S.K.: 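Shown below is the structure under consideration.
No experiment lies behind these values; they were computed from the predicted model shown.
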Amino acid sequence: MDYFQRWCDEQDIENLNVLSGRRMHQYRLWRREVGNLSNVSLKTQMDTIRVFIRFCERIDAVRNNLCESVVSPSLSPNEDHKKTILTNEEATKILNRLERFQYASFQHTLLLLLWRTGIRLGAARGLAYRTTMTTSPNQTAPQAGARHTTQECF
């Protein structure tokens, strides 16, 4: 959304009512040019803008059906994911180095967690750290837990 706000500022758009399909197309072209984005990144960002415009429609901040003018690039089946894969050999080498020189550092802990559990990076970011009581009321044990939280989408 920061780029959209920046573009609006550069275009002297102070009121979203002036947005049109043509302006949304101009934004898409500008965004690709400014960020030198891949199709995956551009699609994600344009989808986010579409959701925002849909919300704006509901509160009468833009003309009706403007969200239909927000076009995202189509992705080929191979474009939908990253191609970088960490091999077992590379992971073992990195983990051994981290264990030796940066034991229990954030990097060591994160990579160990990701490698051993197979969770995605986004899930790891969502982990909540909490302290819970053990069987003895005077002792606490740190625990990490993941909980899916849904956010209301517009």
Side-chain angles (χ1 to χ4, degrees), residues 1-99 101-130 144-154:
M1 292 301 299
D2 290 338
Y3 281 98
F4 185 67
Q5 184 176 5
R6 181 174 143 197
W7 178 79
C8 286
D9 289 344
E10 287 180 13
Q11 299 294 311
D12 293 324
I13 297 173
E14 294 180 1
N15 187 331
L16 296 180
N17 285 319
V18 301
L19 291 177
S20 63
R22 179 179 297 161
R23 295 303 281 274
M24 297 311 299
H25 179 71
Q26 289 170 345
Y27 170 72
R28 178 180 174 215
L29 297 176
W30 175 87
R31 184 62 192 105
R32 180 183 286 279
E33 180 183 311
V34 167
N36 193 22
L37 298 176
S38 69
N39 274 347
V40 174
S41 296
L42 184 60
K43 178 173 177 34
T44 301
Q45 292 187 20
M46 294 307 294
D47 289 347
T48 300
I49 294 297
R50 184 181 307 104
V51 170
F52 172 70
I53 295 297
R54 198 172 293 139
F55 165 75
C56 291
E57 288 174 8
R58 281 208 293 264
I59 62 169
D60 296 326
V62 297
R63 69 174 177 80
N64 286 333
N65 301 319
L66 180 62
C67 69
E68 294 173 12
S69 300
V70 180
V71 179
S72 297
S74 299
L75 300 178
S76 67
N78 294 336
E79 258 184 322
D80 198 15
H81 57 83
K82 298 215 184 258
K83 295 176 177 77
T84 306
I85 297 174
L86 182 63
T87 66
N88 188 36
E89 184 178 299
E90 293 169 321
T92 302
K93 187 187 256 187
I94 294 168
L95 285 169
N96 287 341
R97 180 165 177 74
L98 288 170
E99 188 170 329
F101 297 109
Q102 296 179 32
Y103 183 76
S105 67
F106 175 76
Q107 291 83 2
H108 179 233
T109 306
L110 179 62
L111 184 58
L112 189 61
L113 176 72
L114 294 172
W115 190 249
R116 294 268 173 91
T117 63
I119 64 172
R120 296 176 60 120
L121 188 55
R125 284 189 191 117
L127 288 175
Y129 178 82
R130 60 191 157 116
R147 185 174 71 199
H148 178 71
T149 56
T150 57
Q151 294 179 348
E152 184 175 327
C153 297
F154 296 112

S.K.: Which residues pass the side chain to side chain donor-acceptor pair (under 3.5 Å) test with E10, sequence neighbours left out?
M.R.: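 Per chain and number, E10 pairs via side chain to side chain donor-acceptor pair (under 3.5 Å) with R6, W30.
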S.K.: First locate atom CZ of F4, then atom CG of L16, and finally report the distance between them rounded to the nearest 0.5 Å.
M.R.: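 F4 atom CZ to L16 atom CG measures 6.0 Å (nearest 0.5 Å).
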S.K.: Do you know which two heavy atoms are closest between L19 and I13, and how far apart they sit?
M.R.: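 Shortest heavy-atom contact: CD2-CD1, 3.9 Å.
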S.K.: Residues two or more places apart in sequence or in another chain: which of them pass ring-ring contact (aromatic ring centres under 6.0 Å, His included) with Y103?
M.R.: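 Checked Y103 against ring-ring contact (aromatic ring centres under 6.0 Å, His included); matches are H108.
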S.K.: Report the distance from atom CG of N64 to atom SG of C67, rounding to the nearest 0.5 Å.
M.R.: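 Answer for the CG-SG pair, N64 versus C67, is 9.5 Å.
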S.K.: To the nearest 0.5 Å, how far apart are CE in M24 and CD1 in I53?
M.R.: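 Interatomic distance, M24 CE to I53 CD1, rounded to 0.5 Å: 4.5 Å.
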S.K.: Roughly how far, to the nearest 0.5 Å, is the OG atom of S20 from the CZ atom of R22?
M.R.: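 So the CZ of R22 and the OG of S20 are separated by 6.5 Å.
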S.K.: Rounded at 0.5 Å granularity, tell me how far CG in L37 sits from OG1 in T44.
M.R.: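 Separation between the atoms: 9.5 Å.
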S.K.: Heavy-atom distance under 4.5 Å between the side chains of T48 and M1, does that happen here?
M.R.: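 The answer is yes; the side chains approach within 4.5 Å.
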S.K.: Would you check, one step at a time, whether the test side chain to side chain contact (heavy atoms under 4.5 Å, CB included) holds for Q26 with W7?
M.R.: CA-CA 10 Å; Q26 289 170 345; W7 178 79; 4.2 Å; yes
S.K.: To the nearest 0.5 Å, what is the distance between CD (E89) and CD1 (I94)?
M.R.: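 Reported to 0.5 Å precision, the distance equals 11.0 Å.
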S.K.: Going through the distances and angles, do M46 and V71 end up as a side chain to side chain contact (heavy atoms under 4.5 Å, CB included)?
M.R.: CA-CA 7 Å; M46 294 307 294; V71 179; over 6 Å; no
S.K.: Among R28, R31, R32, which one satisfies side-chain hydrogen bond (donor to acceptor under 3.5 Å, both in side chains) with Q45?
M.R.: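 That would be R31.
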S.K.: Do the non-hydrogen side-chain atoms of D47 and R50 ever get within less than 4.5 Å of each other?
M.R.: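 In short, these two side chains touch, coming nearer than 4.5 Å.
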S.K.: Determine the minimum heavy-atom distance between K43 and S72, stating which atoms define it.
M.R.: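 Scanning both residues, the minimum pair turns out to be O-OG, 3.8 Å.
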S.K.: Give the minimum heavy-atom separation between I49 and V70, together with the two atoms involved.
M.R.: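 Result for this residue pair: CG2-CG1, 4.3 Å.
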S.K.: Quick one, V62 and F55 - any side-chain contact, counting heavy atoms below 4.5 Å?
M.R.: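 Sidechains of F55 and V62: no contact.
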S.K.: Measuring only between side-chain heavy atoms, which start at C-beta, is W115 closer than 4.5 Å to L86?
M.R.: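 A side-chain contact exists here, since the closest heavy-atom pair is under 4.5 Å.
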